[in-house]
Amino acid sequence: DQAMYQAKQTGKNRFHLFDADHERAVRGRHESIARIRQALADNEFVLHYQPKVNMRTGALIGAEALIRWAHPERGLLAPGMFLPDIETDPTNIALGEWVIAAALTQIDTWQQAGIEITVSVNVSANHLQQADFVERLQALLDKAPDVPPAHLELEVLESSALEDINHVSKVIAACADLGVRFALDDFGTGYSSLIYLKRLPVHVLKIDQGFVRDMLHDPGDLSILEGVLGLARAFHREVIAEGVETEQHGKLLLQLGCEQAQGYGIARPMSAEALTAWAQGWTAPVAWAQTGQLDHQ
Ligand code: C2E
Ligand code: MG
Ligand code: MG
Ligand code: MG
């Protein structure tokens, strides 16, 4: 009886301890959400852009918008530092709409400077699943009348597209009716079955950087990558590799028949102004233009 009483006591204490920790975590998260909401009002968020190129022709084909927080005390913060805190909070939707609006403004600015590119925006699962997502996207497009909707691409994680495939496939189809493109981000990590891919009317499969990074030394990753390229061909989807860090990565991808790429080996994410200058000066490595595709493809 004594032992049982002690166990109960310990259990209870542990519960209290956990409770206090939990409470502190919740309070911390609430403070963080409030701070992020304030930062949105104070215009502290910025978009950086990472070029997407055709490795064979050297053409700039697009740019991915990646959010950063220009924090007045802590400097430029990466999305992993603040997005998880608002994942399930309405602030997530407000921030997501800010990103789309800012990207549309940037497409317009580039267009006026003679740079015609598609800009991709990452959309969270929670945002995409809002009942009025399509209507509100339409309203944002209406505010940017000079931007062709096909110059906007939305990237959604393969894993979150699978959360509610019926609903998500309808949303993607409705956005496609507006002219907006869709890409499945981090493709290959979400374990889509073929039937799912058939039902998701996305334009682009974006091969996860993990497979690209490891394909040079891991035959398993190389096989997955070849499989994804085969799937893209079979379903008539475009394909882009992310995480292209070296010339060697580019060369192998070209041999396998993948021409579109994004990665530190081409350019890091940068400010919109820096990308404008970069676009004028960049040329693809000579080796890439000379790389032939493997015969069996
Ligand atoms: P993602 O959409 O898969 O974006 C690619 C991430 O990989 C970016 O990190 C980019 O800087 C990084 N990256 C690009 N090339 C290379 C490379 O060659 N090697 C390596 N190691 N990394 C590379 P970042 O900017 O920290 O973004 C991380 C994630 O945060 C993004 O992954 C995306 O899921 C999310 N995110 C970024 N901006 C937004 C946004 O505006 N809204 C939402 N909902 N999510 C965003
Ligand atoms: Mg992305
Ligand atoms: Mg990705
Ligand atoms: Mg990722």
If hydrophobic clusters are built by linking Ile, Leu, Val, Met, Phe, Trp and Tyr wherever their side-chain heavy atoms come under 4.5 Å apart, do I117 and V244 end up in the same one?
yes
For V286, the hydrophobic cluster (side chain heavy atoms closer than 4.5 Å, chained through members) also holds none
What pairs with S124 under side-chain contact (heavy atoms from CB on, under 4.5 Å), at least two apart in sequence or on another chain?
N92, N126, H127
Taking C-beta and beyond as the side chain, do V212 and E242 meet within less than 4.5 Å on heavy atoms?
no
CA sep, side-chain torsions, deciding dist, call: L197, F187, side chain to side chain contact (heavy atoms under 4.5 Å, CB included)
CA-CA 11 Å; L197 188 56; F187 191 82; 4.2 Å; yes
I would like to know whether V123 and F133 meet side chain to side chain contact (heavy atoms under 4.5 Å, CB included); could you show each step before the answer?
CA-CA 11 Å; V123 175; F133 180 81; 4.1 Å; yes
Identify whether L256 and L231 are in the same connected component of the hydrophobic contact network (ILVMFWY, side-chain heavy atoms under 4.5 Å).
yes
Contacts of R24 that satisfy salt bridge (Lys or Arg N to Asp or Glu O under 4.0 Å) - sequence neighbours left out
D21
Sequence neighbours excluded - salt bridge (Lys or Arg N to Asp or Glu O under 4.0 Å) pairs with any residue from residues 71-91
none
ILVMFWY clustering at 4.5 Å (side-chain atoms), partners of Y264:
none
Are Y196 and I207 linked, directly or through intermediate hydrophobic residues, by side-chain heavy-atom contacts shorter than 4.5 Å (ILVMFWY only)?
yes
Counting N and O atoms only, with roles assigned by atom type, does the side chain of Q111 sit under 3.5 Å from a partner on the main chain of D146, one being a donor and the other an acceptor?
yes
Give a yes or no answer on whether the side chain of H249 reaches the backbone of T246 with a donor-acceptor pair at less than 3.5 Å.
yes
Output the distance between atom CZ (R268) and atom CG (L66), rounded to the nearest 0.5 Å.
12.5 Å
Rounded to the nearest 0.5 Å, what separation is found between the OH atom of Y49 and the CG atom of L47?
4.0 Å
Do I36 and S32 have side chains that approach each other closer than 4.5 Å (heavy atoms only, starting at C-beta)?
yes
Which heavy-atom pair separates E247 from A287 by the least distance, and what is that distance?
OE1-CB, 4.0 Å
So, for G58 and A284, which heavy atoms are closest and what is the spacing to 0.1 Å?
CA-CB, 3.9 Å
Quick one: does any side-chain atom of Q293 pair with a main-chain N or O of L254 as donor and acceptor, under 3.5 Å?
no
Shortest non-hydrogen pair, G190 vs L162, comes out as O-CD1, 3.1 Å
Considering only heavy atoms from C-beta outward, does the side chain of I67 approach that of W98 to under 4.5 Å?
yes
Mark yes or no for whether R37, through its side chain, and T91, through its backbone, hold a donor-acceptor pair below 3.5 Å.
no
Of all heavy-atom pairs linking L225 and M215, the shortest is CD1-SD, 3.7 Å
Closer than 4.0 angstrom, basic N to acidic O: yes or no for E64 and K52?
no
Mind checking whether L222 and F211 have side chains closer than 4.5 Å, heavy atoms only?
no
To the nearest 0.5 Å, what is the distance between CG (L229) and CD1 (I224)?
12.0 Å
Between E44 and R68, is the closest basic N to carboxylate O distance under 4.0 Å?
no
Non-hydrogen side-chain atoms of T88 and R29 separated by less than 4.5 Å:
yes
If hydrophobic clusters are built from ILVMFWY residues whose side chains come within less than 4.5 Å, do I266 and I240 share one?
no
We want to know whether Q50 and Q262 form a side-chain donor-acceptor pair, criterion being a heavy-atom distance below 3.5 angstrom.
yes
N54 side chain to Q260 side chain, donor-acceptor N/O pair below 3.5 angstrom:
no
L141 side chain reached by V147 side chain, heavy atoms, under 4.5 Å:
no
Show the numbers, then the answer: is there a side chain to side chain contact (heavy atoms under 4.5 Å, CB included) between Q129 and D164?
CA-CA 9 Å; Q129 283 169 19; D164 185 352; 4.2 Å; yes
Any side-chain to backbone donor/acceptor pair from R35 onto I33? Under 3.5 Å, distance only.
no
Could you work out, with ring pair (Phe, Tyr, Trp, His ring centres under 6.0 Å) as the rule, every residue matching W282, not counting sequence neighbours?
W278
Distance (rounded to the nearest 0.5 Å) between L137 CG and L154 CG
6.0 Å
R56 side chain to T291 backbone, donor-acceptor under 3.5 Å:
yes
Under a single-linkage definition using a 4.5 Å side-chain heavy-atom cutoff for Ile, Leu, Val, Met, Phe, Trp and Tyr, are I93 and V121 assigned to the same hydrophobic cluster?
no
Any chance you could pull the hydrophobic cluster mates of V46, using side-chain heavy atoms under 4.5 angstrom and chaining through other members?
L76
Note, D186 side chain near K206 side chain (heavy atom, < 4.5 Å):
no
So V204 and V239, do their side chains get closer than 4.5 Å, heavy atoms only?
no
Are E116 and I107 close enough, and set up right, to give a side chain to side chain contact (heavy atoms under 4.5 Å, CB included), and what steps lead you there?
CA-CA 8 Å; E116 291 266 340; I107 296 170; over 6 Å; no
If you link ILVMFWY side chains whenever their heavy atoms are less than 4.5 Å apart, which other residues fall into the same cluster as V26? By chain and number, please.
none
Less than 3.5 Å apart, which donor and acceptor atoms pair up between the side chains of residues 170-182 and the rest of the protein, not counting sequence neighbours?
{"residue": "R181", "atom": "NE", "partner": "E153", "partner atom": "OE1", "Å": "3.1"}
{"residue": "R181", "atom": "NH1", "partner": "E238", "partner atom": "OE2", "Å": "3.2"}
{"residue": "R181", "atom": "NH2", "partner": "E153", "partner atom": "OE1", "Å": "3.0"}
{"residue": "R181", "atom": "NH2", "partner": "E238", "partner atom": "OE1", "Å": "3.2"}

Restricting to side-chain contact (heavy atoms from CB on, under 4.5 Å), what partner residues turn up for A274, sequence neighbours left out?
M270, S271
Could you give the distance from CG (L95) to CH2 (W69), rounded to the nearest 0.5 Å?
10.0 Å
Residues passing the side chain to side chain donor-acceptor pair (under 3.5 Å) test with R136, sequence neighbours excluded, are E97
Tell me if a side-chain donor or acceptor on S160 pairs with a main-chain N or O of V156 at a distance below 3.5 Å.
no
Distance col, row I61:CD1 vs E259:CD, nearest 0.5 angstrom, shows 9.5 Å
With sequence neighbours excluded, what pairs up with H30 under the ring pair (Phe, Tyr, Trp, His ring centres under 6.0 Å) test?
none
